[in-house]
Amino acid sequence: FQAEGKEVKMEYLGDIGLIALQGAMAPTVLKRFTDFDVTKMPFMTGNDIKVGGVNCRVTRCGYTGEDGYEVQIPAEDSIPLVKEILKNKEVVPCGLGARDSLRLEAGLCLYGTDLNTSISPVEGTLMWTISKQRRADGGFIGHKAIMERMKTCQKKRVGFMIQGAPARHGAKIYSNGEEVGEITSGTLSPSLKKPVAMGYIKKGLHTAGTAVEVEVRHKRYPAVVTKMPFVANHYYRG
């Protein structure tokens, strides 16, 4: 960007913490810590409000497929607030492992795992983020490359239900003995109690219901291309 004579800069906010409160009881719990009616905030909106007496930026979002909030808070106030939130019986602490299984159940990509600089929105099944009008008008960085990739795309990101061992990142996908793709994320779904995964498969085999095989520890297991999300999203739309 700078090489093209344009201006860009990044500011590292090392003094800001982030608390993610996710799940069906998140509105009820967060409401106890603020005078602002957070229960009426639609999904993907934000407000500057006080939480626990501290000035915060609260957005109704998260990467779990569930209802919830992300609270941006001064780092020095983050741990005291977390401790107070954890006093509520509805709340339990969790880490990135729980977040990762939830985002996979919700069919959400993880950059660096399911997406990288070589994958366009076309392969990533993310063209819904670019409206038809924007595609027609263009004018944004990458427009020409994306439109060209729509004609030359050879693979698609899809979901898989697997019979057998859970497939992890890098597991190969086969159809009639031919390698046709690769798993990028996979786990045993805590909600469904069965293995789920997402990955890239050869275009033409990406239709839901297509039977394939996935290789896990040198053994191939039956799998089927499946629409995502695996578990319905619960975003609050208002």
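Note that the numbering runs from 1 along the sequence shown for the chain.
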* To do: Compare every heavy atom of Pro195 with every heavy atom of Leu188, then report the nearest pair and how far apart it is.
  => CD1-N, 3.6 Å

* List in chain and number order the residues that pass side chain to side chain contact (heavy atoms under 4.5 Å, CB included) with Arg237, two or more places apart in sequence or in another chain; answer none if no residue qualifies. => Phe43, Tyr235

* State yes or no: do Phe36 and Leu21 share one hydrophobic cluster built from I, L, V, M, F, W and Y residues joined by side-chain heavy-atom distances below 4.5 Å, directly or via other members? => yes

* Asked: Under the salt bridge (Lys or Arg N to Asp or Glu O under 4.0 Å) rule, what pairs show up with a residue in residues 117-133, not counting sequence neighbours?
  -> Glu123-Arg149

* Asked: Side-chain heavy atoms under 4.5 angstrom apart, residues restricted to Ile, Leu, Val, Met, Phe, Trp, Tyr: same cluster for Ile73 and Val91?
  -> yes

* Asked: Any chain of hydrophobic side-chain contacts (each under 4.5 Å) joining Leu110 to Met228?
  -> no

* For the side chain of Arg157 and the backbone of Met198, is there at least one donor-acceptor N/O pair under 3.5 Å apart? -> no

* Any idea which heavy atoms bring Gly124 and Leu115 closest together, and the distance? -> CA-CD2, 4.3 Å

* Looking only at non-hydrogen atoms, find the nearest pair between Ala208 and Lys227 and report the distance. => CB-CG, 3.7 Å

* Asked: Val38 and Ile49: side chain to side chain contact (heavy atoms under 4.5 Å, CB included), yes or no, with the steps?
  -> CA-CA 10 Å; Val38 293; Ile49 62 177; 3.9 Å; yes

* **Which atom of Tyr236 lies closest to which atom of Met41, heavy atoms considered** => CD2-O, 3.2 Å

* To do: Report the distance from atom CZ of Arg217 to atom CZ of Arg168, rounding to the nearest 0.5 Å.
  => 8.0 Å

* With rounding to the nearest 0.5 Å, note down the distance linking OH in Tyr111 to OG1 in Thr117. => 5.0 Å

* Once you round to the nearest 0.5 Å, how far does CG of Asp37 lie from CG of Asn47? -> 10.5 Å

* To do: Could you walk me through whether Tyr69 and Val51 pass the side chain to side chain contact (heavy atoms under 4.5 Å, CB included) test, one step at a time?
  => CA-CA 12 Å; Tyr69 305 85; Val51 180; over 6 Å; no

* ring-ring contact (aromatic ring centres under 6.0 Å, His included) with Tyr174: which residues, sequence neighbours excluded? -> none

* Separation between CD1 of Ile19 and CD of Glu70, rounded to the nearest 0.5 Å -> 11.0 Å

* **With Thr113 via side-chain hydrogen bond (donor to acceptor under 3.5 Å, both in side chains) - residues at least two apart** => none

* Structure fact -> Contacts satisfying salt bridge (Lys or Arg N to Asp or Glu O under 4.0 Å) that involve residues 195-204 (not counting sequence neighbours) are Glu178-Lys202

* Where at least one partner belongs to residues 50-69, residue pairs that pass salt bridge (Lys or Arg N to Asp or Glu O under 4.0 Å), sequence neighbours excluded -> Asp48-Arg57, Arg60-Asp67

* Asked: Any donor-acceptor pair under 3.5 Å linking the side chain of His143 with the backbone of Arg135?
  -> yes

Expected list for residues 76-86: side-chain donor-acceptor pairs under 3.5 angstrom, two or more places apart:
from	atom 1	to	atom 2	distance (Å)
Ser78	OG	Ala75	O	2.7
Glu84	OE2	Lys87	NZ	2.8

* To do: Would you mind listing every ring pair (Phe, Tyr, Trp, His ring centres under 6.0 Å) that reaches into residues 192-220, with sequence neighbours excluded?
  => none

* **Connected-component partners of Leu13 among ILVMFWY, side-chain separation under 4.5 Å** => Ile16

* Shortest non-hydrogen separation from Ala106 to Pro229 and the atoms involved -> O-CB, 3.3 Å

* Could you walk me through whether Glu179 and Glu215 pass side chain to side chain contact (heavy atoms under 4.5 Å, CB included), step by step? => CA-CA 10 Å; Glu179 184 179 325; Glu215 187 171 271; over 6 Å; no

* To do: Look only at the side chain of Gln22 and the backbone of Cys61, and say whether a donor-acceptor pair between them is shorter than 3.5 Å.
  => yes

* To do: Drop me the distance from Cys153's SG to Ile146's CD1, to the nearest 0.5 angstrom.
  => 12.0 Å

* **Sequence neighbours excluded - salt bridge (Lys or Arg N to Asp or Glu O under 4.0 Å) pairs with any residue from residues 90-108** => Arg32-Glu90, Asp100-Arg103, Arg103-Asp114

* So with a 6.0 Å cut-off around CG of Asn176, is the heavy-atom count from everything else above 12? -> no

* Non-neighbouring partners of Asp35 that pass side-chain hydrogen bond (donor to acceptor under 3.5 Å, both in side chains), sequence neighbours left out -> none

* Asked: Same cluster for Val158 and Ile183 if Ile/Leu/Val/Met/Phe/Trp/Tyr side chains link at under 4.5 Å?
  -> yes

* **Flag, side chain of His169 to backbone of Thr184, donor-acceptor distance under 3.5 Å** => yes

* With no hydrogens and no angle check, is any side-chain donor or acceptor of Tyr63 less than 3.5 Å from a backbone partner on Cys109? -> yes

* Structure fact -> What one should report as the nearest heavy-atom pair of Ile162 and Ala223 is CG1-CB, 3.9 Å

* To do: May I ask whether Leu102 and Val196 are part of the same hydrophobic cluster, defined by side-chain heavy atoms of I, L, V, M, F, W, Y residues being less than 4.5 angstrom apart, directly or through others?
  => no

* **Euclidean distance, Ser120 OG relative to Met147 CE, rounded to 0.5 Å** => 9.0 Å

* Who passes side-chain hydrogen bond (donor to acceptor under 3.5 Å, both in side chains) against Lys172, sequence neighbours left out? -> Glu182

* To do: Please step through side chain to side chain contact (heavy atoms under 4.5 Å, CB included) for the pair Val225 and Thr207, ending with a clear verdict.
  => CA-CA 7 Å; Val225 177; Thr207 306; over 6 Å; no

